[in-house]
Amino acid sequence: MTHHLYLLLLLAPAVFGAPKPHVLFILIDDLGHAELGYHREVKTQEVQTPNIDKLVSEGVQLERHYVHKFCSPTRCAIQSGRAPIHVNVINAAPEVRNPADRVSGYAGMPVNMTGIAEIMKRGGYKTHFAGKWDVGMATPMHTPIGRGYDTTLHYFHHANDYFTFKDGGSCSGTMITDLWNKWDASQGPYGHGAKTMKNGPQCSMGNQNPPNQTCVFEDDLFENRVKKVVQNHPSPDIPLFMFWATHIVHGPLEIPDAQLAKFTKIIDNKQRALYHSMVNYIDTAIGNVVDDYKNHSMYDNLLIIFSSDNGGPLPAGNNYPLRGGKFSNWEGGIRVNAFISGGFVPQNVRGTINTGLVAGWDWYATLAGLAGEDPTDHKASAAGLPPIDSHDLWPLLSGQNSTSPRAVLEIGSNLGGDEANRTSGPTMLGGIIMPPYKLLLGQGPGGIIDMAGWPGPQSPNNTIEPNYSNITQVCGRTPETGCLYDVYADPGEHNNLASSMTSVFTTMLEKADAIQKTVFSPDRGATDPQACAQALDNGAFWGPFYELPKN
């Protein structure tokens with residue numbers, strides 16, 4: 001009787017129609033493992049993240065949360081519910097298009113894959129996006145609105161300037177702004193260039209107070225949009241899905257002068273001062289947004305999901321004590337800061353650490369389950385695209401189960417390697433994790449993986465900084481050249497087991513070879529001149545350029 005009552009209580013939300021949780025998904029950019037206070041065993045005044053640390057103490061710390069080694073693939077994976085090897089493993093420019101493939105011949109997600117916001121909308125959610133998109137741009141269906149979000153304020157590319165909002169690209173000598181807005185019907189069906197939010201012509205990192213000109217820091221725009229969404233939400237009883245993808249801490253390393261001054265007083269290395277000041281700045285913004293949820297009676301039913309899109313880039317970021325960083329498949333590149341928090345988290349798991357294996361793309365099925373929706377992507381199946389790879393983590397995260405439903409994690413890569421060759425190349429498996437073991441397969445020249453060094457507790461510093469891109473290790477296909485680590489006992493990947501545990505190495509290599517046969521590797525094409533032509537027609541703003549709706 002007691003057992004049956006317990007099961008009934010677990011199922012109560014679904015059976016009795018309890019309110020679905022509000023969801024705030026915070027995807028921070030390029031955050032190093034050692035850049036948050038809760039990951040610092042020895043506290044330092046340089047790392048100041050009180051709001052994030054408080055949320056972690058009240059939630060569940062996810063210590064085995066993995067993503068792709070750089071930007072766009074992680075974002076495509078989260079939005080589509082697929083491992084990068086089944087959606088996208090490269091940072092192709094949003095301007096590319098392959099005319100021969102109208103489904104997958106673009107940067108980012110193929111047209112016919114269903115986005116997580118579409119599923120949440122089916123479940124009765126209001127859906128909103130703010131920040132870095134990097135999931136595609138070519139057609140209106142590639143925009144956040146096309147993927148199911150009701151409103152958006154975002155940029156399309158991998159990065160832009162925090163003050164000018166330009167991504168560095170030009171068309172016929174004109175620099176193009178990358179900031180796109182859709183709030184209501186006045187911006188058209190899919191939005192348009194955010195002309196009213198553009199800063200004055202003299203506004204820049206070096207001139208933040210030009211006379212008689214607007215000069216707003218980009219992450220302030222995104223924070224204010226998130227708060228506007230919360231403040232304008234019609235009722236706490238209507239579920240809200242807010243996806244907030246911050247620009248911080250991606251380059252260029254830029255921050256308001258007053259904020260930087262707080263850290264140059266205590267840090268003698270300019271790059272490290274910039275990085276820590278930016279992390280502290282977004283920590284404050286997160287605290288402000290959480291307060292807004294509380295002030296609008298939405299926090300008690302709020303689920304906060306926090307993750308970085310990859311590890312910190314070396315040497316600017318710091319992933320100590322993990323090996324490597326962004327652009328590499330060492331733990332420092334793909335095992336990231338992550339947690340859940342908020343009033344929806346069950347009391348029995350608050351303040352705990354969960355070491356179950358989690359992939360960034362598992363949030364797709366997890367959120368679908370909380371929304372009461374089937375995550376199966378029938379639209380993609382009809383187009384011959386790969387199915388989702390996502391697992392519903394809620395039984396694990398809520399304490400109903402003690403083991404993760406994920407037994408294998410596919411590590412993505414592309415032929416050609418890491419940092420220098422990330423914009424093209426066929427899809428390759430970069431390794432697999434089968435707890436506690438991790439097999440790595442180098443896809444760079446000669447089977448190498450770069451970023452094979454270890455940063456110290458205080459990095460970068462004023463000693464000679466190594467060029468991490470030139471620190472490489474061969475991770476081949478034989479026990480003598482292979483790379484096998486017990487990352488649970490040896491999280492820093494110091495002890496290579498390939499030659500001493502040949503049976504494990506061989507078994508995992510066979511598994512990896514089988515997975516390689518399933519990869520998705522479309523020809524995404526080349527730069528389409530229409531992207532520039534449309535940008536100029538937009539008033540020098542990037543935006544969709546193909547299959548546009550007719551006026």
Side-chain angles (χ1 to χ4, degrees), residues 64 66-69 73-74 76-77 80-90 104 110 113 328-331 333-335 356-362 364-365 375-377 380-381 383-393 403-418 425-444 446-449 473-488 493 496-523:
R64 293 288 164 181
Y66 288 87
V67 294
H68 193 73
K69 57 188 174 181
T74 290
C76 292
S80 74
R82 290 164 174 82
I85 61 167
H86 294 141
V87 56
N88 174 38
V89 295
I90 59 174
S104 307
M113 285 185 178
S328 78
N329 280 325
W330 304 110
E331 292 287 274
I334 62 174
R335 179 182 158 196
L357 187 61
V358 175
W361 44 101
D362 286 332
Y364 189 95
T376 305
D377 194 344
S381 178
L385 295 170
I388 66 168
D389 302 300
S390 191
H391 292 278
D392 185 348
L393 300 173
T403 56
S404 172
R406 175 169 292 284
V408 178
L409 185 133
E410 308 93 338
I411 300 172
S413 191
N414 60 290
L415 189 63
D418 300 317
T427 300
M428 300 297 294
L429 191 72
I432 57 172
I433 296 175
M434 297 171 62
Y437 299 110
K438 175 182 178 183
L439 171 75
L440 286 173
L441 297 170
Q443 301 299 345
I448 64 167
I449 300 178
Q473 179 170 324
V474 172
C475 288
R477 296 179 54 84
T478 68
E480 293 74 28
T481 63
C483 293
L484 177 70
Y485 299 91
D486 179 344
V487 289
Y488 281 67
E493 296 170 298
N496 189 350
L497 304 173
S499 61
S500 62
M501 300 187 69
T502 56
S503 62
V504 173
F505 177 84
T506 301
T507 298
M508 293 186 70
L509 184 61
E510 290 173 352
K511 179 71 171 178
D513 286 343
I515 294 172
Q516 176 63 41
K517 295 176 182 178
T518 73
V519 303
F520 176 67
S521 192
D523 178 357

Query raised in the report: Who passes side chain to side chain donor-acceptor pair (under 3.5 Å) against D389, sequence neighbours left out?
Result: H86
**Report entry** Those residues that, when tested against P375, pass side chain to side chain contact (heavy atoms under 4.5 Å, CB included) (two or more places apart)
**Finding:** Y364, A365, A368, I388
Report summary line: Residues at least two apart in sequence or cross-chain that pass side chain to side chain donor-acceptor pair (under 3.5 Å) with T376, listed by chain then number, are D374
Query raised in the report: Do the side chain of S404 and the main chain of L357 share a donor and acceptor less than 3.5 angstrom apart?
Result: yes
Query - Criterion side-chain contact (heavy atoms from CB on, under 4.5 Å) on L440 and E493, from CA distance to verdict - result: CA-CA 11 Å; L440 286 173; E493 296 170 298; 4.0 Å; yes
**Report entry** Pairing residues for T481 by the side chain to side chain donor-acceptor pair (under 3.5 Å) criterion, not counting sequence neighbours
**Finding:** T478
Report summary line: Residues at least two apart in sequence or cross-chain that pass salt bridge (Lys or Arg N to Asp or Glu O under 4.0 Å) with R406, listed by chain then number, are D362, E410
**Report entry** Shortest non-hydrogen contact from S328 toward I449
**Finding:** CB-CG2, 4.2 Å
Query raised in the report: Do side-chain atoms of N88 reach the backbone of A77 as a donor and acceptor pair under 3.5 angstrom?
Result: no
**Report entry** With P522 via side chain to side chain contact (heavy atoms under 4.5 Å, CB included) - residues at least two apart
**Finding:** D101, S104, F520, R524
Query raised in the report: Any idea which heavy atoms bring V87 and P110 closest together, and the distance?
Result: CG2-CD, 4.0 Å
Requested in this report: Under the side-chain contact (heavy atoms from CB on, under 4.5 Å) rule, what do V487 and W330 come out as? Steps first, then yes or no, please.
Outcome: CA-CA 10 Å; V487 289; W330 304 110; over 6 Å; no
Query - Distance, nearest 0.5 Å, that separates CG of D486 from NZ of K438 - result: 12.0 Å
Report summary line: Q473 meets the side chain to side chain donor-acceptor pair (under 3.5 Å) criterion, sequence neighbours left out, with R323, Y485
Query raised in the report: Which residues satisfy the side chain to side chain contact (heavy atoms under 4.5 Å, CB included) test with T403, sequence neighbours excluded?
Result: none
Report task. Nearest 0.5 Å please: distance from the CG atom of L441 over to the CG atom of N329. Result -> 9.5 Å
Query raised in the report: If only atom types and distance count, is the side chain of S499 paired as donor or acceptor with the main-chain N or O of E480 below 3.5 Å?
Result: no
Query - Approximate separation, where rounding is to 0.5 Å, of S521 OG and M428 CE - result: 9.0 Å
Query raised in the report: Taking it one step at a time, do V408 and M434 satisfy side-chain contact (heavy atoms from CB on, under 4.5 Å)?
Result: CA-CA 5 Å; V408 178; M434 297 171 62; 3.9 Å; yes
Query raised in the report: Taking the side chain from S500 and the backbone from L497, do they hold a donor-acceptor pair closer than 3.5 Å?
Result: yes
Report summary line: Residues V67 and G360: closest non-hydrogen pair is CG1-CA, 4.3 Å
Query raised in the report: Quick one: CG on N496 to CZ on F505, what's the gap to the nearest 0.5 Å?
Result: 8.5 Å
Report summary line: Heavy atoms of K69 and G412 approach each other most closely as CE-O, 4.1 Å
**Report entry** Heavy-atom closest pair, residues L409 and A359
**Finding:** CD1-CB, 3.7 Å
Query raised in the report: Distance from S390 atom OG to D392 atom CG, nearest 0.5 Å?
Result: 8.0 Å
Per-pair distances, 0.1 Å, donor-acceptor, side chain in residues 508-516, under 3.5 Å, sequence neighbours excluded:
residue, atom, partner, partner atom, Å
D513, OD1, R477, NH1, 3.0
D513, OD1, R477, NH2, 3.3
D513, OD2, R477, NH2, 2.8
Q516, OE1, L429, N, 2.7
Q516, NE2, T427, O, 3.4

Report summary line: Sorted by chain and number, sequence neighbours left out, disulfide (SG to SG under 2.5 Å) with C475 holds for C483
Requested in this report: Name all residues meeting the side chain to side chain contact (heavy atoms under 4.5 Å, CB included) criterion together with A380; count only those two or more places apart in sequence or in a different chain, and write none if there are none.
Outcome: R82, M113, D377, L385
